[in-house]
Amino acid sequence: MVDKHAMIREIKEYANIHNVPIMQEDGINFLTTFILKHHIHRVLEIGTAIGYSAIMMALVDPNVTVTTVERDEKRYLEALKNIKKFQLEDRITLIYDDAFHVELGDEEFDLIFIDAAKAQNIRFFEKFEGNLIRGGFIVTDNLKFHGLVEKKEEEIQSRDVRGLVRKIKNYISYLKDNKRYDTKFYDVGDGISVSNKR
Ligand code: SAM
């Protein structure tokens, strides 16, 4: 088998060339360390892109399984290819669909990683929290949105971006006010939250 590090490098290069947003280095380190430290085994990921974070999470420990959802066909096909290269087909289940159409029944997860459309975070949270065990975690990436969330609204030129920033701020307030979870915010990657289900 080709060196794993070289294969990871190839995935990152592909992401770079094709403008596919994948987790930043310190963000993925935070997530994989968290999985290891909290003995997480069953992960649900919303937003596979080309499989980078799913593969990194699965590589943490042979007991980790990941179910991951992607709605973009080209990215889904690339993810499928990457997962095969790592021979992780038996531990990573890739679902090609819009997450809002996915029904997971009573399947349980220890951690849900939300990394899809930033404006929809509350909807993703509420759609899948029923599949999270008590004591489990919901992790969300991109809460800083490249530093834009900390800026004053007037400083943001584009109306669309202002709207997106407002939605991220709403999500942050939603997490802070949600008494069913204890949420901590981390200044790593593009801003990460970890919500622990009480
Ligand atoms: N987690 C990936 C990683 O770090 O390697 C990066 C995911 S990328 C930031 C977000 C992905 O979510 C995009 O590929 C996008 O197509 C997908 N996405 C956005 N909304 C979605 C939805 N409603 N259902 C499924 N996938 C969605």
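Whatever order the structure lists ligands and atoms in, that order sets their numbers, starting from 1.
Residue contact check: M23 has heavy atoms under 4.0 Å from atoms 3 (C), 4 (O) of ligand 1. Interface of F124 with ligand 1, defined as ligand atoms under 4.0 Å from a residue heavy atom, comprises 23 (N). Less than 4.0 angstrom separates some heavy atom of D97 from each of these atoms of ligand 1: 24 (N), 25 (C). Below 4.0 Å from some heavy atom of D98 lie the following atoms of ligand 1, by number and element: 22 (C), 23 (N), 24 (N). Near A117, meaning under 4.0 Å from one of its heavy atoms, ligand 1 places the atoms 19 (C), 20 (N). For ligand 1 and A99, the ligand atoms under 4.0 Å from any heavy atom of the residue are 22 (C), 23 (N), 24 (N), 25 (C).
A donor-acceptor contact shorter than 3.5 Å links the side chain of S158 to the backbone of D160. Here the side chain of D115 pairs no donor or acceptor atom with the backbone of M23 at under 3.5 angstrom.
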Check against side-chain contact (heavy atoms from CB on, under 4.5 Å), V60 and T33
CA-CA 8 Å; V60 166; T33 306; over 6 Å; no
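In this structure, the ring of F137 has its center less than 6.0 angstrom from the ring center of F34.
Ligand 1 does not have V102 within reach: every non-hydrogen atom of the residue lies 4.0 Å or more from it. In this structure, T68 does not count as a contact residue of ligand 1, since none of its heavy atoms falls inside 4.0 Å of the ligand.
Only the side chain of R75 comes within 4.0 Å of ligand 1, counting heavy atoms alone; its backbone N, CA, C and O stay farther away. With a 4.0 Å cut-off on non-hydrogen atoms, N142 does not touch ligand 1 at all.
Few gaps surround CD on E155; more than 12 heavy atoms of other groups in view lie less than 6.0 Å from it. For R198, the CZ atom sits in a packed shell: over 12 heavy atoms of surrounding residues, nucleotides or ligands are nearer than 6.0 Å. By the neighbour-count criterion of 12 heavy atoms within 6.0 Å, atom NZ of K176 is sparsely surrounded, having that number or fewer from other residues, nucleotides or ligands.
Summary of contacts: the protein heavy atom closest to atom 26 (N) of ligand 1 is R71 N, 3.3 Å. Distance from atom 10 (C) of ligand 1 to its nearest protein heavy atom, with residue and atom name: D115 O, 3.0 Å. Here the protein heavy atom with the shortest distance to atom 18 (N) of ligand 1 is A116 CB, 3.8 Å.
The closest non-hydrogen atom to atom 17 (C) of ligand 1, taken over E45, M57, E70, comes from E70. The closest heavy-atom contact to atom 6 (C) of ligand 1, among the options S53, A15, P21, comes from P21.
For ligand 1, the polar-atom distance check finds an N/O of G47 within less than 3.5 Å of one of the ligand's N/O atoms. On a distance-only criterion, F113 and ligand 1 share no N/O pair closer than 3.5 Å.
Remark: of the listed residues D110, N63, T65, N131, D110 is the sole one forming a side-chain hydrogen bond (donor to acceptor under 3.5 Å, both in side chains) with R42.
The existence of a salt bridge linking E103 and K127 is confirmed by a sub-4.0 Å separation between a basic side-chain nitrogen and an acidic carboxylate oxygen.
Between Y181 and N196 the shortest side-chain heavy-atom distance does not fall below 4.5 Å.
Classification of the F124-F100 ring pair by plane angle, with boundaries at 30° and 60°, yields parallel.
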